[in-house]
Amino acid sequence: MHYQPIVSLDGGKATTVGVEALVRWTSETQPDATPEEIVRVAEENDLISSLDKFVMSRACRDVHKLQEIIPDRPLILNVNVSGIELVDKDYVSHVDDVLRATNWPANQLVLEVTESVLDVDTPCAIANLRELSARGIRIAIDDFGTGYSSLSRLKTLPTDYLKLDGSFVSAISTEAEPPPLLEVIALLSTALGLPVIAEGVETLHQANVLESMGFSLVQGYYFGKPTDIDNLVAELANEPPSPQLAVRRPEPSTS
Ligand code: G
Ligand code: MN
């Protein structure tokens, strides 16, 4: 498993506020499989449920190690969920099992679901999302902006974050004006009260433009490539403390 930091921007200061778990497959004899290939093969062989369960429990255990370094700053853990899983009537109880076994708090878990999964009218998926949401688990719409999402449904579905697809971010360059749709998405995010996590941020310029447009949560190679948990633990241990910690007043003197 690899983990990529999710970072909050605040006037030039970047603070890690969470991680996305990304499945990786490395082999000594064959080229590494991409996450898409892994998911496709698992879906074709009826193993997606086992894969998703493995990924979630492994991620919950691993990210505990990160959380221990910064006990005062609760991290969110984002896990990708397959559409096939979401329509399983036992899915919610699988998630319950994992949270119980790993002790990871429900309100620090974010499930990433792609837009296309929610496009189709699947009462079971919606019912599952509502049940998960009632437990304090949050839902992010992955690859936002690339599907045909019905904007009115965003208000009725239990949605907590939009993950802005990296194609919008890669269109931000020093040579051209930022894509006009970014302004629209920024307004939509404010109007619906749905924070955006911008994906695929690779340059400081992109980060500055996004922050100036009101996007404060970002993810991408500029802030951190997906890496194993031990590397991330080492990096986070070196990150300066968050502003709240830095300005914490000394205990009043009793003498
Ligand atoms: O579908 P989803 O957005 O969850 O996919 C995330 C994928 O994007 C991961 O495979 C990850 O390695 C890749 N990724 C993460 N950050 C960057 C980035 O800054 N640039 C590019 N090109 N890919 C990225
Ligand atoms: Mn994702």
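Just follow the structure's listing: the first ligand is 1, and inside any ligand the first atom is 1. Residues take their numbers from the sequence shown, with the count starting at 1. Note that the structure is predicted; figures quoted are calculated from it, not measured.
- Distance check for Asn78 against the Mn ion (ligand 2): none of its N/O/S atoms falls below 2.8 Å.
- Glu44 meets the salt bridge (charged side-chain N to carboxylate O under 4.0 Å, His left out) test with Arg40; sequence neighbours excluded.
- Counting only N and O atoms by type, the side chains of Tyr3 and Asp228 include no donor and acceptor under 3.5 Å apart.
- Between Pro5 and the choices Leu66, Thr16, Val218, Thr227, the side chain to side chain contact (heavy atoms under 4.5 Å, CB included) rule is met once, by Thr16.
- At a 4.0 Å heavy-atom cut-off, ligand 1 does not touch Gln219 at all.
- Remark: atom 4 (O) of ligand 1 lies closer than 4.0 Å to at least one protein heavy atom.
- The closest side-chain donor-acceptor pair between Ser82 and Glu43 falls under 3.5 angstrom.
- Of all atoms in ligand 1, listed by their number and element, those nearer than 4.0 Å to a heavy atom of Pro226 are 12 (O).
- Counting only non-hydrogen atoms, the option in Tyr221, Tyr222, Phe223 that gets closest to atom 17 (C) of ligand 1 is Tyr221.
- Within the listing of ligand 1, atoms 16 (N), 19 (O) sit less than 4.0 angstrom from a heavy atom of Gly220.
- At a heavy-atom cutoff of 4.0 Å, ligand 1 is contacted by the side chain of Gln4 but not by its backbone.
- Judged by distance alone, the side chains of Glu20 and Asn80 do bring a donor and an acceptor atom under 3.5 Å apart.
- If you look at Glu20 and ask which of its N, O or S atoms sits nearest the Mn ion (ligand 2), the answer is OE2.
- For atom 7 (C) of ligand 1, no protein heavy-atom neighbour is present inside the 4.0 Å cut-off.
- The OD2 atom of Asp142, the Mn ion (ligand 2) and the OE1 atom of Glu112 define an angle of 90° (nearest 10 degrees).
- Every heavy atom of Gln206 sits 4.0 Å or more from the atoms of ligand 1.
- Ligand 1 lies nowhere less than 4.0 angstrom from a heavy atom belonging to Lys225.
- Contact between Gly166 and ligand 1 is absent, with no heavy atom of the residue lying under 4.0 Å from the ligand.
- Counting only non-hydrogen atoms, the option in Asp143, Thr34, Asn78 that gets closest to atom 1 (O) of ligand 1 is Asp143.
- For atom 22 (N) of ligand 1, the nearest non-hydrogen atom of the protein is Glu202 OE2, 3.1 Å.
- Checking side-chain atoms of Glu183 against main-chain N and O of Pro180 turns up no donor-acceptor pair under 3.5 Å.
- Atom 10 (O) of ligand 1 has Arg24 NH2, 3.9 Å as its closest protein atom, hydrogens excluded (heavy atom only).
- Within 6.0 Å of CG in Asp32 there are more than 12 heavy atoms belonging to other residues, nucleotides or ligands.
- Each of the atoms 4 (O) of ligand 1 lies under 4.0 Å from some heavy atom of Asn80.
- With Asn78 as the fixed residue, the side-chain hydrogen bond (donor to acceptor under 3.5 Å, both in side chains) test singles out one of Gln4, Arg138, Glu112: Glu112.
- Inter-residue side-chain proximity for Leu129 and Leu86 is flagged as met; some heavy-atom pair is nearer than 4.5 Å.
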